[in-house]
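For reference, the structure discussed in these notes is given below.
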Amino acid sequence: KNNLFTGDESQPEGEETYRNPTEVKMSQIVLPCHANHCGELSVGQLLKWMDSTACLSAERHASCSCITASVDDIHFEHTIGVGNVVNIIAKVNRAFTSSMEVGIMVTCEDLYTDRQWKVCHAFATFVAKRTEAGKVQLKQVFPHTQMEQMEYSLAAERRRMRLIHAEIITDLLSSSTAQLGTEYQDAVPAERTRVESVELVLPPHANHQVSTFGGQIMAWMENVATIAASRLCNAHPTLRSIDMFHFRGPSHIGDRLVLKAIVNNAFKHSMEVGVCAEAYQGGEPLRHINSAFMTFEVLDSDRKPCTLPRIRPEPVDGKRRYKEAIARKKIRLDRCPDIAAVFRPVTTHCHLFFQMYLSYNNVSALKLMDTRNNWILTSEKNKVRLYTLEENQMLSFKVEMHVSVGAGQTFHLLSDLRRRKEWDQHYEECEVINQADEDDTLYRVATPSVSKRGKGQDFILLASRRKPCDAGDPYLIALRSVTLPTHPPTEDYTRGEVLCAGFAIWEESSTVTKVTYYNKATPGVLPYISTDIAGLSSSFYSAFSACSHFLEANKDSVAALPPFSPQHSSNNTVSVKL
C-alpha cells in the first residue's frame, strides 16, 4: 500500500515485512449516526477516533496508562461522507522522559471506486500516568525506516516549539499592530454568536482511567464552536483547521463541563471561533480544562468558499479577541506546514514568533536532508567522500569525513561562521549582523568570483545551532538565506541564495567525530562545486581536508561565539523564503 505519510508508492528495500511495534490502525465505516446534517462525518466524532487510536499507540509503547497532554494544529483537507471508510494510523515517533509524540494520519477510502485520499495528519503528545512506584521513565524509540528516522529527528524540534508555544503567542500578540476594521452597517454583533453549553460527564464519556476522555472534550468543543459559526453566517459551516489543543487539567466522572464559544473575527472567506472548556463539581470554582481556536468556512454548491458577513466585536474583551484573531491569522499564513514542499516569500518583523518558526524550519530542512538514505557516492579522496542526490529536479550534495576531535568541540568551532574563512577559501568575508539568541545568528558572507572576471557573491545567512536532545541525535548547524532590508544587494556583489545547508556532527567516540556537510545546490552555489561533481577538480576535497586540519589544530581552543545581545534581536525586518 502507499506510504500514507509521504505519498510514496514504493517501500525501501528490506522494509516490506517490517511493522512499527507501536503502530495502531483503526478503520471505521461512516454511518448516519456519525454524520452531521450534510451527510458528512462530524469532526467531533473524528477527533474521538483519532484520540483513542493515538492513546492505544502510546500505551502500547509505555506499557501503562497514558493521558492526552496536547494535540498540535490540525488542518482538514477534505470532508468524509456517509458510507466512506475512515482509516487512522497512529505510531509513536519519539519518547522523551515521561512524554511521547504520537503521529496520526487520517485517510478516507471509497469502497466502490477503490480511491483513497488524505484527510489530515496531526501530532499528539501523551504523558505516561504515574504509577504507585512513581514517575514512569519511558523506554527509547529506535527508528527503523527512513521515514521513522525523519519523524524521530523532527519530533525533537516540534517538542522544542511546544515548550515555548505560549511564550511565542504572548510575544506575537503583545507586538501586534492590528487595528479594528471599518464599521460595517450590516456587521453581525459578536454577542449574537455566543454559545454556552453544560455537559454532565457520565461513565460513557470516561476513558479506562475514569477520567473524561480527551477526544470527548474535543468533540464537545467542536460542537459549540460549530453552533457559534452557524449563527454568524446562517448556514452550515465547514471546519478547516484547529489551533493547538492543550489540556491544562483533568476532568472526571460527575464533573459539569461548561463549554463556551464565540466568533472572534470574520475575514472574507473564513472566521475564527474561540472555544474553551471549564469544569466544576458542586460549589467549587471553575477549573480551566482546555482552549482552542477553530477556523471555519462556508462552502457553496461548487465547494467554493462563500463571502462571510462582517463581525462587530463587543467592547473591551471583544475588541481584544478581534485583534488577536488577526494576529493568529498571520501566524497561520506565515508559518510553513510542510517545509519539504512549500517555498514562498514572507515579509514580517523578526520578533520571537517569526524568529522561532524561521529557526524551526531552518533546522527541520537540514534534518530532512540528514535522514535521506539514497545518496550516491560520487568520489572519494583523502578520506573525504562526496555524495550527490537528485530529487524533483534539484541537485543536493553532501561531504563526509571523520576527525579526531570531540563532537562538542567540533560543534563549537564550526558554529562560528567567522572562523570558516580560516579553512574555506570560498569564505572571503564573514561578519555578524545580528545575534538573535544563543542558538540563532544572522551573518553576511562574501565569496570570490568563480570566473575571476565577474562579481563575487554575498549571502545573508541565518545560522541555527542545536545540541543533541539525547544520545541518538547529532549536533546541528543549519544555514539558509534571509533578506534584510537593512542589507540590500550592492553593486560590488551578486546576491546569492542558500535554500538549505549546514553540518550534522555525530559523536562516534569521545575522540572521533563524523562531520557531514549538506547543501541543496542553487544557481549561486553550484559553480563552486560543479567541477568537483564532474571529477574535474578537487577544490572541495582540499577545503574539507583543511577543515579537518583546522579542527584538530584547535581541538583545545576555548574561543567564544558571538555575544548574545537581546536588545538587538528585534530591530530588523526579515523576508524569508519558507
Worksheet item: Should Arg159 and Asp72 be marked as a salt bridge (Lys or Arg N to Asp or Glu O under 4.0 Å) after you check the CA-CA gap, both sets of side-chain angles, and the distance that decides it?
Response: CA-CA 10 Å; Arg159 179 175 183 261; Asp72 290 1; over 6 Å; no

Discussion item. Nearest 0.5 Å, please: how far is OG1 in Thr53 from CD1 in Ile89?
Written reply: 10.5 Å

Discussion item. Going by the rule salt bridge (charged side-chain N to carboxylate O under 4.0 Å, His left out), which residues pair with Lys135 if we only count those two or more places apart in sequence or in a different chain?
Written reply: none

Discussion item. Could you tell me if the side chain of Asp370 sits less than 4.5 Å from the side chain of Tyr518, heavy atoms only?
Written reply: yes

Worksheet item: Counting N and O atoms only, with roles assigned by atom type, does the side chain of Glu77 sit under 3.5 Å from a partner on the main chain of Val119, one being a donor and the other an acceptor?
Response: no

Practice prompt. Mind listing the closest non-hydrogen atom pair of Cys120 and His75 along with its distance?
Written response: CB-O, 3.4 Å

Discussion item. For the OG1 atom of Thr441 and the CZ atom of Arg465, what is their distance to the nearest 0.5 Å?
Written reply: 7.5 Å

Discussion item. With rounding to the nearest 0.5 angstrom, report the CG to NZ distance, Asn93 to Lys91.
Written reply: 7.0 Å

Item to complete: Apply side-chain contact (heavy atoms from CB on, under 4.5 Å) to Thr410 and Val515, showing your working.
Response: CA-CA 8 Å; Thr410 300; Val515 179; 3.8 Å; yes

Worksheet item: Considering all heavy atoms of both residues, which atom of Ala95 and which atom of His61 are nearest to each other, and what is their separation?
Response: CB-NE2, 3.6 Å

Discussion item. Test your reading of the model: is there a side-chain donor-acceptor pair from Lys129 to the backbone of Ile67, 3.5 Å cut-off?
Written reply: no

Worksheet entry | Validation row: Glu148, Asn20 side chains within 4.5 angstrom (heavy atoms) | yes

Item to complete: Tell me, with the steps shown, if Arg418 and Val432 meet side-chain contact (heavy atoms from CB on, under 4.5 Å).
Response: CA-CA 8 Å; Arg418 296 173 303 176; Val432 175; 3.6 Å; yes

Worksheet item: Can you check whether Leu389 reaches Ile376 side chain to side chain, under 4.5 Å on heavy atoms?
Response: no

Item to complete: Apply the test side-chain hydrogen bond (donor to acceptor under 3.5 Å, both in side chains) to residues Thr371 and Ser153: give CA-CA distance (whole Å), side-chain angles for both, the deciding distance (0.1 Å), then the verdict.
Response: CA-CA 8 Å; Thr371 56; Ser153 183; over 6 Å; no

Discussion item. With side-chain contact (heavy atoms from CB on, under 4.5 Å) as the criterion, how do Leu368 and Leu154 come out once you've worked through the C-alpha distance, each side chain's angles and the decisive distance to 0.1 Å?
Written reply: CA-CA 8 Å; Leu368 287 175; Leu154 294 178; 3.9 Å; yes

Can you give me every donor-acceptor pair (side chain of residues 395-404, partner residue at least two apart or in another chain, under 3.5 Å) with its distance?
residue, atom, partner, partner atom, Å
His402, NE2, Glu508, OE1, 3.3
His402, NE2, Glu508, OE2, 3.3

Fill in: Beyond-backbone contact of Met150 with Lys367, side-chain heavy atoms, under 4.5 angstrom
no

Fill in: Separation of Thr447 OG1 from Lys421 NZ (nearest 0.5 Å)
13.5 Å

Practice prompt. Grab the two heavy atoms, one from Arg162 and one from Ser70, that are nearest each other, plus how far apart they are.
Written response: CD-OG, 4.3 Å

Worksheet item: Rounded to the nearest 0.5 Å, how far does CZ of Phe459 lie from CG of Leu479?
Response: 11.0 Å

Discussion item. Taking the six-membered ring for Trp, are Tyr475 and Trp506 closer than 6.0 Å centroid to centroid?
Written reply: no

Worksheet entry | Non-hydrogen atoms of Ala407 and Thr513 that approach each other most closely | N-OG1, 3.0 Å

Fill in: Set of side chain to side chain donor-acceptor pair (under 3.5 Å) partners for Thr68, sequence neighbours left out
Asp51

Discussion item. Ignoring hydrogens, what is the shortest heavy-atom contact between Leu413 and Asn554? Give both atom names and the distance.
Written reply: CD1-O, 3.5 Å

Practice prompt. Kindly give the heavy-atom pair with the smallest separation between Leu461 and Ser481, and that separation in Å.
Written response: CD2-OG, 3.9 Å

Fill in: Check ion pair Glu101-Arg94 (N to O, under 4.0 angstrom)
no

Fill in: Whether Ser99 side chain and Val127 backbone form a donor-acceptor pair below 3.5 Å
no

Worksheet item: Are the side chains of Ile477 and Ser415 in touch, meaning some heavy atoms are under 4.5 Å apart?
Response: yes

Discussion item. Less than 6.0 angstrom from the centroid, inside 45 degrees of the normal: does Arg158 satisfy that with respect to the ring of Phe123?
Written reply: yes

Worksheet item: Once the angle between the rings of Tyr517 and Phe544 is folded into 0 to 90°, is it parallel (under 30°), tilted (30 to 60°) or perpendicular (over 60°)?
Response: tilted

Discussion item. As a quick check of understanding, evaluate side-chain contact (heavy atoms from CB on, under 4.5 Å) for Ile104 and Ile88, giving each step before the final call.
Written reply: CA-CA 7 Å; Ile104 310 165; Ile88 302 176; 3.8 Å; yes

Item to complete: Look up atom CG in Leu386 and atom NZ in Lys381, then write down how far apart they are to the nearest 0.5 Å.
Response: 12.0 Å

Fill in: Residues which pass side-chain contact (heavy atoms from CB on, under 4.5 Å) with Asp439, listed by chain and number, not counting sequence neighbours
Arg160, Asp437, Arg466

Worksheet item: Has the side chain of Arg495 got a donor or acceptor atom that lies under 3.5 Å from a matching backbone atom of Tyr493?
Response: no

Discussion item. Are Cys500 and Met369 packed together at the side-chain level, in the sense that at least one heavy-atom pair is separated by less than 4.5 angstrom?
Written reply: yes

Discussion item. What I'd like to find out is whether the side chain of Leu442 reaches to under 4.5 Å of the side chain of Leu484, using heavy atoms alone.
Written reply: yes

Worksheet item: Arg60: what forms a salt bridge (charged side-chain N to carboxylate O under 4.0 Å, His left out) with it, not counting sequence neighbours?
Response: none

Worksheet item: Would you call Glu391 and Arg372 a salt bridge, taking side-chain N to carboxylate O under 4.0 Å as the test?
Response: yes

Discussion item. I want to check something: taking the side chain as every heavy atom from C-beta on, are Phe247 and Thr125 in contact at a cut-off of under 4.5 Å?
Written reply: no

Item to complete: For Asp492 and Thr490, run side-chain hydrogen bond (donor to acceptor under 3.5 Å, both in side chains): C-alpha distance rounded to whole Å, both residues' side-chain angles, the deciding distance at 0.1 Å, then the answer.
Response: CA-CA 5 Å; Asp492 298 330; Thr490 63; 4.9 Å; no

Worksheet item: Does the Asn87 side chain pair with the main chain of Thr107, one donor and one acceptor, at a distance under 3.5 Å?
Response: no

Fill in: Contact list for residues 422-435, test salt bridge (Lys or Arg N to Asp or Glu O under 4.0 Å), sequence neighbours left out
Arg419-Glu422, Arg420-Asp424, Glu429-Arg444, Glu431-Arg444

Worksheet entry | Short side-chain to backbone donor-acceptor contact, Thr494 and Gln457, under 3.5 Å | no

